[in-house]
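Counting from 1, the numbers follow the sequence of the chain as shown.
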Amino acid sequence: SARRLEDIEPIEIAERAVERTLFVLGGEPVSTDRYFLLLQPECSASLVAEVGELFCASDVHKNRSLMKGKLGTPVASGCFNLVDDGRIPWRLGTSPFDGEGVPTGRTCLIDAGVACSYLYNLQYAHKDGVSSTGNASRGMASLPDVGTSNLVLESGSEPQSKLIERIDRGIVVAELMGLHTLDPVSGDFSLGVKGALIEKGRVTRPVAGMTVAGNLMELLAHVVAVGDDGEFFGSVKSATLVIENVVAAGL
């Protein structure tokens, strides 16, 4: 998805779709064990979107976010940096002002793993005695709420291929199924995994029928690397994520 036709390359999209299909075709479960999970950018973007929503002040005030009371404390590993930026040119979440006419801007949500700020509209900014971050969201006939604009996970410095080479046993995750079932209050989740097995630094065979369960805070704390391949998927920019010591249930 894009705002300009020239930003869409049909042949590249088709090639990536075929490559992704072949990557997971014929996947079977592997043994239950602790693995490194290497989330491909499109997959990690779905996770980043869920994390970003937890910083909306409306959900925090309604006790619907596990980020309540977490400002100034570590909520992820030190390599995890997340910002909300409503001024990135030509992106889907970009706008000069929000649903209440407040200018949009850049808000740091997580800096080196530490929670920095919530996202506000005028109503919840008044309640907390702060300024609106320009994140009022509203439809044609709805009252203003709080929403994200462009969520950006800051990229690291290593390519995905190098990250794979350092993994002795892991799973390249092309798809996380069931993210919508993540509990925003407790952070508990149970997700299906589809991708490919990594053995001694090499991708060997397709994997499917695996399940990972745990807690979002623990998962973020075990992020050990972020790739240099950040790109936008809708209004979320993400890169390869490597997460260590995750139990994946299969055979």
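- Side-chain atoms of Ser235 do not come within 3.5 Å of backbone N or O of Gly93 as any donor-acceptor pair.
- The shortest distance between side-chain heavy atoms of Glu158 and Arg166 falls below 4.5 Å.
- Results of the side chain to side chain contact (heavy atoms under 4.5 Å, CB included) test with Tyr120 over Val146, Asp128, Thr107 single out Asp128 as the only residue that passes.
- Distance alone, capped at 3.5 Å, places no donor-acceptor pair between the Asp59 side chain and the Lys62 backbone.
- In this structure His126 satisfies the ring pair (Phe, Tyr, Trp, His ring centres under 6.0 Å) test with no other residue, sequence neighbours excluded.
- When each of Val173, Ile167, Leu197 is tested with Tyr35 by the rule side chain to side chain contact (heavy atoms under 4.5 Å, CB included), just one qualifies, namely Leu197.
- Judged by distance alone, with hydrogens and angles left aside, the side-chain atoms of Arg87 form a donor-acceptor pair with the main-chain N or O of Pro96 at under 3.5 Å.
- Remark: side-chain polar atoms of Arg138 are not paired, donor with acceptor, to backbone N or O of Asp98 under 3.5 angstrom.
- Checked by atom type, the side-chain pair Lys68/Asn63 shows a donor-acceptor distance below 3.5 Å.
- Nearest heavy-atom pair, Val224 versus Glu244, reported as atom, atom and distance to 0.1 Å: CG1-CD, 3.4 Å.
- Using a 4.5 Å cut-off on side-chain heavy atoms (C-beta onward), Leu176 and Leu39 make contact.
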Apply the test side chain to side chain contact (heavy atoms under 4.5 Å, CB included) to residues Arg20 and Glu175: give CA-CA distance (whole Å), side-chain angles for both, the deciding distance (0.1 Å), then the verdict.
CA-CA 10 Å; Arg20 178 171 175 175; Glu175 186 176 352; 3.9 Å; yes
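- Residues Ser137 and Asp145 bring no donor and acceptor atom of their side chains to less than 3.5 Å of each other.
- Side-chain atoms of Tyr118 come within 3.5 Å of backbone atoms of Met67 as a donor-acceptor pair (strictly under, hydrogens ignored).
- Of all the heavy atoms in Val185 and Leu66, the pair that sits closest is O-CB, 3.2 Å.
- In this structure the side chain of Ser149 reaches within 4.5 angstrom of the side chain of Asn135, judged on heavy atoms.
- The two residues Ser132 and Val102 make their nearest non-hydrogen contact at OG-CG1, 3.9 Å.
- Side chain of Ser44 to main chain of Ala239: a donor-acceptor pair is present (N/O by atom type, distance under 3.5 Å, no hydrogens or angles).
- In terms of modelled atom types and a separation under 3.5 Å, the side chain of Thr104 and the main chain of Gly134 share no donor-acceptor contact.
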What verdict does the side chain to side chain contact (heavy atoms under 4.5 Å, CB included) test give for Leu109 and Cys116, after you've listed the backbone C-alpha separation in whole Å, the side-chain angles of each residue and the deciding distance to 0.1 Å?
CA-CA 5 Å; Leu109 304 180; Cys116 299; over 6 Å; no
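- A salt bridge does not link Glu9 with Arg4: none of the charged nitrogens is closer than 4.0 Å to a carboxylate oxygen.
- In this structure a side-chain-to-backbone donor-acceptor pair under 3.5 Å is present from Asn215 to Ser186.
- Judged by distance alone, with hydrogens and angles left aside, the side-chain atoms of Thr240 form no donor-acceptor pair with the main-chain N or O of Gln40 at under 3.5 Å.
- Checking side-chain atoms of Asn150 against main-chain N and O of Gly86 turns up no donor-acceptor pair under 3.5 Å.
- Lys127 NZ: more than 12 foreign heavy atoms inside a 6.0 Å radius.
- Closest non-hydrogen pair, Val172 versus Val203, comes out as CG2-CG2, 4.0 Å.
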